[in-house]
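Heads up: numbering here begins at 1 and tracks the sequence. These values consider heavy atoms only, across backbone and side chains, with no hydrogens, waters or symmetry-generated copies. For ligands, and for the atoms within them, numbers begin at 1 and follow the listed sequence.
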Amino acid sequence: MSVAPFFSAIAVAVLLGSGTARAATSGSFDILSMNVAGLPAILQSNDVPGDKATNAGTIGSDFAKYGYDVINVQEDFNYHAYIYATDNHTYRTATSGGAGIGSGLNTLANFDWIDFTRIGWNKCSDASGSDCLTPKGFTLMRVKVDSGVYVDMYNIHADAGTESGDETARNANLQQVADYIDTWSIGNAVIVFGDTNSRYTRTADDIGIFASQNGLTDAWIQLERGGVVPTVESVCDNPSTTNDCETVDKVFYRGNSILGINATYFNYESTKFVQADGDILSDHNPITVVFSWAESNSLRQSDFWGGPHGTWFSDLTTLSSRSKPKASLLTFRGGSRLDSVGLTLTDGTAFVHGGTGGTQAQLSLGASEYWTTAVLCQGQKSGETRNFYIKATTSSGNMLTAGTATSDCATFSAPAGWQIVGFVGQDGDEMDQLAFIFAPQ
Ligand SMILES: *[C@@H]1O[C@H](CO)[C@@H](O)[C@H](O)[C@H]1NC(C)=O
Ligand SMILES: *[C@@H]1O[C@H](CO)[C@@H](O)[C@H](O)[C@H]1NC(C)=O
């Protein structure tokens, strides 16, 4: 894929002097979803010829060779080590175990992430196949594509089969992911990619739930089907020679008020993943999608500080409906740690996150005074990382602090000409994880 737009975006960011924290304001990345057929050979041949360990090694070499930015694998059970031995991606999840123990879900990426979570299904069905044999489910990670550029990426492996018990379980699986997105990805850009075991013609599944409930677009429907949802089943050959046919492996996405995201390319990558003699490596066609992204000119965000605990919150949804937001009052609470952060906009909208402990500290901002810089310090409480301290500095040099400083601190400055107007992160009765939302002054 072309790298030219990426580098010109860096050049623009440097010329604008937008600060060390900002790299590019636009770019592109590609993803791959592949069911790697890694059940033990004695249980399941997957109708793939050859030795499964050798095939897993070839899959890993192909991952390294083609260098996809984020790869979600499913059914990565008993030949996992052979894939990782020949792959060379910098960031990779640790396996959750072989068949019977693990979920078979792993991610290999050129980007780092935060908040990695594995979630098991609430419902499974052995109506056909043995879906309850191993705890499948889905994973979430907030992938850091660039500084202040995060996309919540979900890997998924839903219940298999077409008996009515299977479809009931799969419908519950998809509903579980959709509800999870509504809670844990509020306000965020999202990409769901994995093995849904669903087709649009399996209507009892309601695979359309990601569009109807979460506002996600199916990249295949968009790019290969002209936006029209199929009503007639079209099964792919493997390797597939056309992108027009439907597989159960799917890619859904949305941007947010910080980040525009577009799928620009969709392809079944099957012909890249073959054995030395041309045989297939998996019974699933792997899928790639290329995404272009661009940061908004009205809202952006910082990186995060603190630990992956507490409940997700975001002021973005409220902020995206405000024109020219500006903080007029900062309200923090702290003691031995940081209890809460809050701010009130000039239109009276108030944001507050965290708990009610500690001592309150407030700072009123003048009509032409903006909150431009924040320092956060983190530390350990009961073996978990939290934010212990905040220091806000305004464009007039006024300061407000709360909590207790530690030696593990980071400074978050709004880009030149921008200001801090809100928060995203995870909280409980204290501030576990925190990032700042920026808007132009
Ligand atoms: C991984 O290996 C490929 C060659 O197969 C190479 O082109 C690529 O630069 C390597 N990537 C990393 C992150 O080392
Ligand atoms: C996405 O596509 C739309 C319509 O073509 C375009 O207006 C927008 O700028 C694109 N955004 C990105 C991030 O490429």
Protein heavy atom under 4.0 angstrom of atom 9 (O) of ligand 1, is there one?
-> no
Atom 2 (O) of ligand 1: closest protein heavy atom, distance to 0.1 Å, is N88 ND2, 2.3 Å
Expected output: side-chain R118 to main-chain T139 donor-acceptor under 3.5 Å = no
Are the side chain of R92 and the backbone of D87 linked by a donor-acceptor contact shorter than 3.5 Å?
-> yes
Identify whether the distance between the nearest side-chain nitrogen and carboxylate oxygen of D195 and K250 falls below 4.0 Å.
-> no
Heavy-atom contact under 4.0 Å between A64 and ligand 1?
-> yes
Per-atom contacts of ligand 1 with K65, taking only distances under 4.0 Å to non-hydrogen atoms = 5 (O)
Q275 (side chain) donor-acceptor with P49 (main chain) under 3.5 angstrom = yes
